[in-house]
Amino acid sequence: MNKLADLVDKPKDIQEKPLEIAALLLTWYDQNKRDLPWRRTNDPYTVWLSEIMLQQTRVDTVIDYYRRFLERFPDICSLADADEEDVLTLWKGLGYYRRARNLHQAAITVRDRYAGNFPRTFPEIRALPGIGDYTAGAIASIAYNLPYPAVDGNVLRVATRLLGLEDDISQQKIQKQIAEIIEEMIPKERAGDFTQALMELGAMCCTPNTPGCRDCPWRTVCTAHRTHRETVLPVKKKAKKATCFNYWTALVCNDGDILMEYRCNTQLLGNMWGLPLVQKESGSSAEELFRRDWELDLRFIKYLGSVRHVFTHQVWQMDVILFSLKPDSEVKSGLAWISREKLKDLPIPKAFQKVLQLMI
DNA sequence: AACCCGTGGAG
DNA sequence: TCTCCAAGGGT
């Protein structure tokens, strides 16, 4: 069955000669591609690492993390042998920390099940933790030149514009449809370049707000451009608003040490280090709330300021108080005294780094 | 399907 | 300040 033919309004030339259309893109890619660190080799480990880091994360942000990570863990087995906490520390500040834990777990799987050699088939790659349809397609095509589609946000945007698809791209059905169309366009000899070329076009030319159609290799065949729908497409429903939380945050100091919490893996920022928080309640003082929720007997020193941190689905408004702990107090499990010098070696997410910054 | 999971840059 | 978003995956 020809998926291209299934589309109602699809331009005839795209339907009849997908490989010629693809060739236009590849020529543009050869002349315009950026020199990025992960494009210097097709080693599956580095392709894999770059794809994980690039999930929902900008190229400029990733570059330094990518270099540091490979310097510390040059191959899969060195990563597999590492402690998870050290992997998280290298990931500190990059966000979406489950990526790092899945990466580490997958490295262990590759070491133990595949003798340290990254698997070479799509189903095996897709089965590793942290690797979904997109990432499996990207690795299979870029590292092994296998003809699997890799449909990310860029490709959804490029494809809907090229084809003039007005459907909501947040629907799984539409994403699958687009993947099938892209699959038919893959030049078998250059599957990996095609994958990267589509994303490069989306990143550098077919951008969300003001696309550079003037320099686009597909300007003559693009439905959206012809019908002036570039800035309308793709159609997607709006994200839900984040809920706001108001917290008291305790900076408890004892000589050079700071009282930190190792966060439970079931909560936001789990398996990382943070500071004691209590949700504000009218009628209760911060001291009362910390005694009730944390069994801490704190003495107020001074108010340090307010920190706002925005996550995808939450906003934290944290009012930070410097406290001391009453002498000879026990500290319940999950809490620990951490020296200032040790902070840099621990995985501490940005939200708490901002709070710690108030002290320095 | 809907929701959760971080962060920083751009308009 | 606000909104959107950037090479998504897991549940």
Side-chain angles (χ1 to χ4, degrees), chain A residues 33-34 36-39 46-66 88 91-103 105-106 125-143 149-158 168-176 179 182 192 194-204 206-210 231 234 236-244 263 265-272 274 307-317 347-354:
Chain A
K33 68 178 173 186
R34 289 168 290 177
L36 301 173
W38 45 88
R39 286 193 176 149
T46 59
V47 172
W48 171 36
L49 176 65
S50 68
E51 288 303 334
I52 300 299
M53 285 188 165
L54 285 163
Q55 287 171 3
Q56 301 291 288
T57 310
R58 290 187 150 72
V59 166
D60 291 343
T61 306
V62 166
I63 290 177
D64 285 341
Y65 282 90
Y66 174 83
L88 280 168
W91 209 271
K92 170 163 63 173
L94 195 55
Y96 284 134
Y97 299 98
R98 187 161 55 177
R99 293 184 294 177
R101 290 196 288 277
N102 282 333
L103 186 74
Q105 283 304 311
I125 296 168
R126 176 66 179 79
L128 294 170
I131 297 184
D133 286 334
Y134 160 75
T135 304
I139 296 172
S141 61
I142 296 170
V151 178
D152 71 334
N154 284 312
V155 179
L156 289 175
R157 184 172 59 255
V158 169
D168 179 356
I169 58 165
S170 48
Q171 293 177 41
Q172 197 178 18
K173 186 184 70 177
I174 303 302
Q175 295 185 10
K176 190 169 263 182
I182 294 299
F194 185 66
T195 286
Q196 298 193 74
L198 276 171
M199 294 191 287
E200 190 77 352
L201 188 71
M204 305 304 292
C206 194
T207 50
N209 294 322
T210 53
T231 54
K236 68 165 113 177
K237 57 170 171 276
K238 285 181 185 165
K240 208 184 75 176
K241 265 198 171 180
T243 37
C244 193
R263 295 173 64 83
N265 63 4
T266 57
Q267 63 183 154
L268 177 64
L269 305 175
N271 287 9
M272 305 188 71
V307 169
R308 179 186 172 81
H309 191 79
V310 179
F311 301 96
T312 306
H313 295 288
Q314 291 185 21
V315 179
W316 287 5
Q317 190 67 47
I348 301 169
K350 280 286 178 183
F352 297 110
Q353 288 185 45
K354 289 183 192 172

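Given the structure is predicted, the values throughout are model-derived calculations rather than measurements.
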Separation of [X] atom [atom1] from [N] atom [atom2], in whole Å?
| X | N | atom1 | atom2 | value |
| --- | --- | --- | --- | --- |
| Lys237(A) | dC5(C) | NZ | P | 13 Å |
| Arg34(A) | dA6(C) | CZ | P | 13 Å |
| Tyr97(A) | dT7(B) | OH | P | 4 Å |
| Arg98(A) | dC3(B) | CZ | C1' | 11 Å |
| Phe311(A) | dC4(C) | CZ | P | 20 Å |
| Gln171(A) | dG8(C) | CD | P | 20 Å |

| Under 4.0 angstrom, heavy atoms only, what part of the nucleic acid is Leu156(A) near: base, sugar-phosphate, or nothing? | nothing
| Hey, does Leu94(A) reach any base, or is it just sugar-phosphate, or nothing, if we go heavy atoms under 4.0 Å? | base
Looking at [X], I'd like to know whether one of its side-chain N or O atoms comes within less than 4.0 Å of OP1 or OP2 on [N].
| X | N | result |
| --- | --- | --- |
| Arg157(A) | dA6(C) | yes |
| Thr135(A) | dG9(C) | yes |
| His309(A) | dG6(B) | no |
| Lys241(A) | dT3(C) | yes |

Please report the distance separating the [atom1] of [N] from the corresponding atom of [M], rounded so that it comes out in whole Å.
| N | M | atom1 | result |
| --- | --- | --- | --- |
| dG10(C) | dA1(B) | C1' | 14 Å |
| dG9(C) | dG8(B) | P | 22 Å |
| dC5(B) | dA6(C) | P | 22 Å |

| message | Taking the ring of Phe311(A) and the ring of His309(A), is the distance between their centroids below 6.0 Å? | response | yes
| task | State, with a plain yes or no, whether a side-chain heavy atom of Phe352(A) is found less than 4.5 Å away from one of Leu269(A). | result | yes
| task | Compare all side-chain heavy atoms of Gln56(A) with those of Thr312(A) and state whether any distance is below 4.5 angstrom. | result | no
| query | Is there a donor-acceptor contact under 3.5 Å from the side chain of Lys354(A) to the main chain of Arg308(A)? | reply | yes
| field | Criterion side-chain contact (heavy atoms from CB on, under 4.5 Å) on Arg99(A) and Thr57(A), from CA distance to verdict | value | CA-CA 12 Å; Arg99(A) 293 184 294 177; Thr57(A) 310; 3.1 Å; yes
| request: With the side chain of Gln172(A) defined as its heavy atoms from C-beta on, choose the nearest nucleotide among dA1(B), dC5(B), dG10(C). | output: dA1(B)
| Nucleotide nearest Arg58(A) (side chain, heavy atoms from C-beta), chosen from dC3(B), dC5(C), dT7(B) | dC5(C)
| said: For Arg39(A) and Asn102(A), find the nucleotide of DNA chain C closest to each by heavy atoms; which residue's nucleotide sits nearer the 5' end? | reply: Arg39(A)
| query | Does Gln314(A) or Asn209(A) map to a spot on DNA chain B nearer the 5' end, using the closest nucleotide for each? | reply | Gln314(A)
| query | dG8(B) base to Thr61(A) side chain: any donor-acceptor pair below 3.5 Å? | reply | no
| query | Does any N or O donor sit under 3.5 Å from an N or O acceptor when you compare the side chain of Thr57(A) with the base of dG6(B)? | reply | yes
